[in-house]
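Indexing begins at 1, ligand by ligand and atom by atom, following the structure's order. Scope of the values below: all heavy atoms of this structure, side chains included, with no hydrogens, waters or symmetry mates.
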Amino acid sequence: MASFRRLFTLPSSLLRANISSITGIREGLGGNFRSYNAFASTEQTVLKLDEVDGLVLDGEVARIRGEFEAAKQGFLRIPETVKGMPKMNPEGIYVNKNLRLENIQVYGFDYDYTLAHYSPNLHRLIYDLAKEHMVNEFRYPETCLKFRYDQTFPIRGLHYDKKNGCLLKLDFFGSIEPDGCYFGRRKLSRKEIEQIYGTRHIGHDQARGLVGLMDFFCFSEACLLADVVQHFVDAKLEFDATYIYEDVDRAIQHVHRSGLVHRGILSDPYRYLVKNGQVLRFLTMLREKGKKIFLLTNSPYNFVDGGMCFMLEDSLGYRDSWRELFDVVIAKANKPEFYTSEHPFRYYDMENDTLAFNKVDAFLPNKIYYHGSLKSFLQITKWNGPEVIYFGDHLFSDLRGPSRAGWRTAAIIHELENEICIQNDDNYRFEQKMD
Ligand SMILES: Nc1nc2c(ncn2[C@@H]2O[C@H](COP(=O)(O)O)[C@@H](O)[C@H]2O)c(=O)[nH]1
Ligand SMILES: [Mg+2]
């Protein structure tokens, strides 16, 4: 209805006339117009107006009808123009720089949220594990166990303000979005935002107290931060927003570093992992075209192996064959430091779950390597920056670091699919047209 209203820019006099007339008719004619919708049935309303003696003068009715017809014609013209605008493919690949794929000889992939995709159940798992850790290890009140992950709450790219305890959505220029400031689970009004921050713009000093929650894994953290703040607010207890951040962050780190989350995912892969047959088709096609392929992930090997076997089990011949798709597999790479450090690679012994001590000066097929650095990677592979493209989801770990190294990058932006669907929707397009 909102879009219809916007599109249908009736002159205010007409609107006023209609609304008051409808009221009059309702009162006067009892139930005749009970199901009236002020906008959907405007024409009907106007047609009836001149039949109601004494309510509106004939001249006024003619004027209203004229204005209505003009507005209606304007409305009818718009779809034709808008219809001509091409719709975008939500599953498409979009470029912001020219890229000749024939010049790309090497394809690199991140693992989590790039090759492997997860259901929202994963956020719930991380949230629950971290919450339990805070209660069991940091002695947060047992009532915190009642917290439930709310998948409608977080989005990517929020900032937590360690000084004030607010979650912020900043725009491109570093200003707080009007609807984008939450204290606990409560959205703050513009006035409240101004009381805390002075203006909507975040200055240098304030920015120092912000921590970015940049990737998909951070959804759980954002929600848990908000819920813990809300807990203290509800309990009318004083709290330090920095300590809340530190506790939540430590709990989240524990969940990842201890491998709790990885074991949780592999214990019930159907619940967490999303199978996608196109991945294998794409990798196979690259191999057939003679491209080199590498996997560079921060995840531990066993976790990646379990996930890849699960995702490709229906299409691959035998269990371990996914590794044959890759020329090089690097796990626990410690991105983004990988791009700037000088760490050597270590050979990972899959059988014994141990790391070898000897120097790595070649990548052998079907072997796994840990840690390392971009510098060693380039020395060993001799792959040139511009002939490499790296696919990833994380702004710093997968996009900024590699770009600085001269690689081409491809960002996996899940949100775009939904954004494009919204932008393709006629309601949205009509609204834009009228603004
Ligand atoms: N220690 C932390 N590990 C984290 C955190 N968030 C995610 N992760 C882990 O990183 C990898 C992501 O790997 P990639 O394939 O996308 O490079 C995955 O194993 C996560 O469990 C964190 O905040 N701290
Ligand atoms: Mg990733």
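Residue E221 places every heavy atom at 4.0 Å or more from ligand 1. For the ligand labelled ligand 1, residue H394 lies outside the 4.0 Å heavy-atom shell.
Ion pairing between K291 and D327 fails under the 4.0 Å rule for side-chain N and carboxylate O. Residues E313 and K275 are paired through a salt bridge, judged by an N-O separation under 4.0 Å between the basic side chain and the carboxylate.
Less than 4.0 angstrom separates some heavy atom of Y111 from each of these atoms of ligand 1: 15 (O). In summary, the atoms of ligand 1 found under 4.0 Å from a heavy atom of H262, numbered by their order in the structure, are 18 (C), 19 (O), 20 (C), 21 (O). Close approach of ligand 1 to K335 is summarised as follows: ligand atoms under 4.0 Å from at least one heavy atom of the residue are 17 (O). Residue-ligand proximity, R257 to ligand 1, at heavy-atom distances under 4.0 Å covers atoms 1 (N).
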Apply side-chain hydrogen bond (donor to acceptor under 3.5 Å, both in side chains) to S175 and H201, showing your working.
CA-CA 4 Å; S175 294; H201 190 73; 3.1 Å; yes
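Here the options are V304, L115, V329, the test is side chain to side chain contact (heavy atoms under 4.5 Å, CB included), and the partner is T297; only V304 passes.
In summary, an N, O or S atom of D393 is located under 2.8 Å from the Mg ion (ligand 2). Among the atoms of D110, an N, O or S atom is found under 2.8 Å from the Mg ion (ligand 2).
At the shortest separation from atom 23 (O) of ligand 1 among protein heavy atoms lies Q253 NE2, 3.2 Å. The closest protein non-hydrogen atom to atom 12 (C) of ligand 1 is D112 OD2, 3.3 Å. Shortest contact from atom 18 (C) of ligand 1 to any protein heavy atom: S299 OG, 3.1 Å. The shortest contact between atom 10 (O) of ligand 1 and any protein heavy atom is with N298 CB, 4.2 Å. Regarding atom 14 (P) of ligand 1, its nearest protein heavy-atom neighbour is D110 OD1, 2.9 Å. Scanning the protein heavy atoms around atom 3 (N) of ligand 1, the nearest turns out to be H256 CB, 3.3 Å.
No close placement of the W322 and F109 rings is indicated, their centers lying 6.0 Å or farther apart. With ring centers used as reference points, F219 lies 6.0 Å or more from Y127.
The aromatic rings of F377 and W383 sit perpendicular, their planes meeting at an angle over 60°, well past the 30° parallel limit. Below 30°, between 30° and 60°, or above 60°: for F282 and F391 the angle between ring planes is above 60°, a perpendicular geometry. Ring geometry for F217 versus Y113: interplanar angle over 60°, hence perpendicular rather than tilted (30 to 60°).
Inclusion of D398 in the set of residues having an N or O under 3.5 Å from an N or O of ligand 1 is not warranted. Geometrically, ligand 1 and D215 share no nitrogen or oxygen pair separated by less than 3.5 Å.
Residue-level check: among N/O/S atoms of D112, O sits closest to the Mg ion (ligand 2).
Around atom CD of E342, no more than 12 heavy atoms belonging to other residues, nucleotides or ligands sit under 6.0 Å away.
A cation-pi arrangement, defined by a distance under 6.0 Å to the six-membered ring centre and an angle within 45 degrees of its axis, is present between R346 and F357.
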